[in-house]
Every structure is written in C-alpha cells, then in structure tokens.
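Worksheet for the structure shown next.
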Amino acid sequence: MKHEKFHYKSLNEVKEKCMELGVDLPFAEDTTSLAKPIDIKKFHIPNRLGVAPMEGADSTPDGKPTEYTERRYVNEARGGVGIIWYEAISLSEEGRSSKTQLLINEDNLDSFKRLNEKVKEAGLKANGFVPLLVMQSNHSGRYSNPGNNPAPMIAERNSWLESFRSADDRCIVSDDYLKRMEDLFGESALLAKKAGFDAVDIKCCHGYLFQEVAAAYDRPGEYGGSYENRTRLLKNSIRAAKVYESDDFFVTARIGIYDGYPKEHRGWGQNEEGELDLAEPKRLIKELWEEFNIPLVDITMGNPYATTHVTRPFDSGKYPPDEHPFEGLSRMVHGVEAIKKTVPEMVVYGSAPTYLREYADLYAAGAVEKGMADGFLFGRMAFADPDFANEIVRNGRIDKNRVCLTCGKCGDLIRAHKPTGCVIRDNATFMPFYKEWLEEKKSLPSSFRG
C-alpha cells in the first residue's frame, strides 16, 4: 500500500477509518482508567502509564551511562510515569548492539547505581512517588555490533533475515555458549539489584538472541526443534535470575508474541503457513506464571530490523508499509488481550500506542477499561514528550502539541550511533546530532544511506 499520512482531525474520523478497514481499536471516552493505581508484588504503582525500552545510543565506550542517559531518565521520572522500563542493557561486549549501547558489569556498577539514585530522587521530588525501575537484560544476537562492527551471533540460518544483515554458518552459537548465557542472565539479576533497580527483565523479543532461539525450529540439539527446547534458554535464565528475588526485587520479561516473517521463514508466534498463531506464546506466558510466578510481563511484536511496521506502525518510513497502521495496532492490542485472557492474574502491559498521537491516551485507556491490558508502555512518545503521563493524569489528556509525529528521525540517530531523542520536539538538543549525521551520510555509498 502507499504511504498514508496521519491526517485525522477528530477521534470520530479515526473510528470511521477503522470501520472502513474492518479493524477494532478500543477507545475510551476519557483517560480515567490510566490514572488508577495498580499493585505489583509489594510495589504500589500510581498509574497505568510507563516508558518502553528505547535505546539512547549515548553510553561511554565501556558502557557507562552519560549525561544524556541521565537527562533522559530523570526527565521521564519527572514526567510522572508509574514504570520506567530501561532500554536494552548488554551483559557482554560481544552482545552489544553498538559501542554506544549501555553495558553493565561489576566494574561499572556504581555508575548505574548513581543514575538510579538520581532518577528516583527526581520522581519523588516532582511527583511524590518513585517509579518502578526495570532493567532490561539483553543479548543482541543476530544484531550484535560491538565496536560498531557487525558480528552476528545467530541461532540458525535464515536467508530472509540475512538479506537485511549478512551471516553465515560461522555465526551460529553453540549449545555451550547458550548455557553460559543462562548463567550470565541469571547473574544480571544480581547486578540489577545492586544497582538499585526494582526488577530485571529477561528480554525475549524483537529478533534478538532469546527471541531467535524461541523460533529455532530447525536447530539441532538442546535449544532447537521442540517447543521445550526452544524455550529452554529463556526459562533456565529466568530460573537462574529468580535466585536473587526478594521482597523488593523481582524478575519480569518483555515477550514478543509474533515475528511477522514470510511463510518460508516462519517466525515465533506463526504457524507453518506463516499466519499469526499465539498457541505457543500463550503456553509460554502461562508457564511463566504457573511455574515461575512472574508477576508482570510486557507484550510486544515484530522485529525492528526486518518487520518494522509490525512492532512500530508508521506512515512515513523507508518503504511503504504492507498494511494500514491501524491494522497493525489492532493485531497488537488483540494479541495483548489474548495474553491477558490466558493469564488474568498476571499484570500484562501492552506496547506501541504512540502512532495514534493525540488519541494514543484514549486508545490505551480503552484497552485498560475493557480488560485487554493492565497498562501501556509508551516508547517514541517518551522521547517526544517525557511529561505525557502527568498531562494525562493531571489534565485528563495528552498535550496534542507535544506528541510524537512518528517521523523516524530518532531511529536515524540510533542507527548512526548518536545520542538519540526527538529531533522535532527537543530540537536544540538533538538537531545538531541529526545534521551531523546528514553530513556524514553524504560521504557514504548510496547503498548505505538508508
């Protein structure tokens, strides 16, 4: 389909387009449901709004947070969200997405501890409460890029994914390596706890290593083939992390439930015809509740490197999306609903409301009102308007003059390994980096310009 700019002047126009497309998006009359508190273990969360993991590409070479990292998270805490789900933090140099991705270890632990102290202080001073802080442990897998030099580490070959980033048989990780990851991800819980986080996320989404193992249908050995083998890495890592749980610290997970790959390159959450099939994701998350007592999950979809429109609906990007963004939003929210119905006792947060701009708050509120989700994490919106939660909770609606326009410029910055934020709404801070990237881009071969 062609690009269609977001042109809706009223919520009624949005609803009319949904009817035309035959899709169902939930919208509430007001945002009351988002201002209601929720309890997760001993933590009292004052509202249903959170910040989704969004990499800022602003670490030091050895992985420490910088002034840009601190600025971003302090602003988000001041903005009034109940949960700040930190960006992907690598546990090993070989698993970093770039030389500007955060990396945590015993050597730089104090820098994260100081960051979290400032974030908590900012939230308490501005709003009278401290947001729940979640550390996302990640291994970039196929998208590992340490030192900004591609060095993919994959579960199995996939020629379609390799059309986006090349890999060969030498890139396939061994079972022994994956066993070591179980220990490393378990130990990440201890690092998170020492650093002052309230929870650790054993990340399994967006095409990174854990998600790719979950879809390794043709891999031999202990981590491929059967459902039990393909979920072994995630479950064993969670089991190792839970050793460090306490009254004030718990284990959680951000789970992708659908990859959206072509039929012949079947991904997770797809049947053999390539169609959406949530049988395995629902089984997995039910087991995370029943076997591990995981109290909270965030649900997402897609692979930002290969199926961008699935995880991040857009109307202006590098290629025309193959579906209307409202269709992707409907798939996402009804996928979240399917998980919530499978584990009604678990706290389930949804993802990707930002595309709807000034109607994103009513959409999230509608999903919460209807019991489709317990809350929502906002990603790009937090870059554009870190005060969005206070606007919703205190004023009833998000400020339409500050919303994310889904222009993709923040994505350009992160791919350029430059400090990342909203070029439009925080022009003074991030436009210089964007202009710098545009100049650098001129010297690249046309195939690399993107």
Side-chain angles (χ1 to χ4, degrees), residues 50-57 85-91 95-98 101-102 134-145 150 152-156 158 160-162 164-165 167 181 185 201-216 230-231 233-234 237 252-262 265-270 276 278 280-281 284-285 297-314 317-318 321 328-329 331-332 335-336 339 349-355 376-380 382-383 408 410-411 414-415 420:
V51 173
M54 295 285 290
E55 284 187 47
W85 206 298
Y86 277 46
E87 66 199 272
I89 298 177
S90 188
L91 307 178
R96 291 177 83 180
S97 62
S98 73
Q101 183 192 20
L102 293 173
V134 181
M135 186 184 102
Q136 183 175 79
S137 300
N138 188 48
H139 187 300
S140 294
R142 186 175 290 274
Y143 306 104
S144 294
N145 196 41
M153 305 182 74
I154 65 176
E156 64 180 13
N158 183 314
W160 183 70
L161 291 175
E162 286 155 22
F164 298 94
R165 180 171 292 190
M181 289 301 101
F185 274 74
D201 162 22
I202 309 301
K203 180 181 180 179
C204 186
C205 61
H206 295 169
Y208 296 112
L209 183 63
F210 278 50
Q211 175 87 356
E212 186 166 288
V213 170
R230 289 182 283 110
T231 58
L233 176 63
L234 175 63
S237 297
T252 181
R254 193 172 200 219
I255 304 290
I257 59 172
Y258 171 69
D259 285 340
Y261 298 166
H265 303 285
R266 175 189 177 195
W268 170 249
Q270 297 178 240
L276 175 71
L278 297 182
E280 286 194 345
L284 172 63
I285 294 172
V297 293
D298 175 56
I299 301 303
T300 182
M301 292 183 175
N303 176 332
Y305 299 86
T307 52
T308 308
H309 62 280
V310 172
T311 185
R312 200 165 59 235
F314 63 76
K318 301 293 187 293
L329 283 169
R331 182 198 300 113
M332 178 76 80
V336 174
I339 298 302
Y349 270 58
S351 302
T354 293
Y355 174 77
F376 269 82
L377 302 184
F378 288 68
R380 293 172 287 176
F383 274 174
C410 59
I414 192 171
R415 285 187 292 274
T420 300

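Here the structure is a predicted model, which is why all the values come from computation and not from measurement.
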Completion exercise
d(N158 CG, R165 CZ) to nearest 0.5 Å is 14.5 Å
Exercise for the section: Taking all heavy atoms of P281 and all of I257, pick out the closest pair and write down the distance. Expected result: CG-O, 3.4 Å
Handout entry: Nearest heavy-atom neighbours spanning P152 and A167
Key = CG-CB, 4.0 Å
Exercise for the section: State, yes or no, whether a side-chain contact exists between E162 and I154 at a heavy-atom distance under 4.5 Å. Expected result: yes
Completion exercise
All heavy atoms of A352 vs all of L329, minimum pair found to be O-CD2, 3.2 Å
Practice task
Answer whether the closest heavy-atom distance between the side chains of P313 and M332 falls below 4.5 Å.
Solution key: no
Problem - Within-4.5 Å side-chain heavy-atom neighbours: L161 and Y261 - result: yes
Problem - Q101 vs N138 side-chain heavy atoms within contact, under 4.5 Å - result: yes
Fill in the blank from the handout: In terms of heavy-atom contacts, T311 and G302 come closest through CB-CA, 4.0 Å
Handout entry: Flag side-chain contact, heavy atom, 4.5 Å: M54 against I414
Key = no
Practice task
Quick one: closest heavy-atom pair of C205 and Q211, and the distance?
Solution key: CA-OE1, 3.3 Å
Problem - side-chain contact (heavy atoms from CB on, under 4.5 Å) partners for F164, two or more places apart - result: W160, A306
Handout entry: Q270 side chain near Y258 side chain, heavy-atom distance below 4.5 Å
Key = yes
Handout entry: Set of side-chain contact (heavy atoms from CB on, under 4.5 Å) partners for T231, sequence neighbours left out
Key = Y227, K235, W268, L284
Handout entry: salt bridge (Lys or Arg N to Asp or Glu O under 4.0 Å) partners of residues 299-310, not counting sequence neighbours, each pair once
Key = none
Practice task
Nearest 0.5 Å please: distance from the CZ atom of R142 over to the CD atom of E156.
Solution key: 8.5 Å
Practice task
Check whether any side-chain heavy atom of M181 lies under 4.5 Å from a side-chain heavy atom of L91, and answer yes or no.
Solution key: no
Fill in the blank from the handout: One should read off an interatomic distance between E55 CD and I89 CD1, to the nearest 0.5 angstrom, of 9.5 Å
Fill in the blank from the handout: Nearest heavy-atom approach of Q136 to P53 is NE2-CG, 3.5 Å
Handout entry: Pairwise distance CG(L233) to CD1(I202) - rounded to 0.5 angstrom
Key = 10.0 Å
Practice task
Starting at OG1 of T307, measure out to NE2 of H206 and round the result to the nearest 0.5 Å.
Solution key: 8.5 Å
Handout entry: Nearest-0.5 Å distance, CE of residue M153 to OG of residue S144
Key = 6.0 Å
Practice task
Could you check S140 against N145 for side chain to side chain donor-acceptor pair (under 3.5 Å), going step by step and ending with a plain yes or no?
Solution key: CA-CA 8 Å; S140 294; N145 196 41; over 6 Å; no
Practice task
Taking T300 for its side chain and G256 for its backbone only, find out whether a donor-acceptor pair lies under 3.5 Å.
Solution key: no
Practice task
Anything under 30° is parallel, anything over 60° is perpendicular, the rest tilted; go ahead and classify F185 against F210.
Solution key: tilted
Exercise for the section: Classify the side-chain pair W85/D201 by whether it contains a donor and acceptor separated by less than 3.5 Å. Expected result: yes
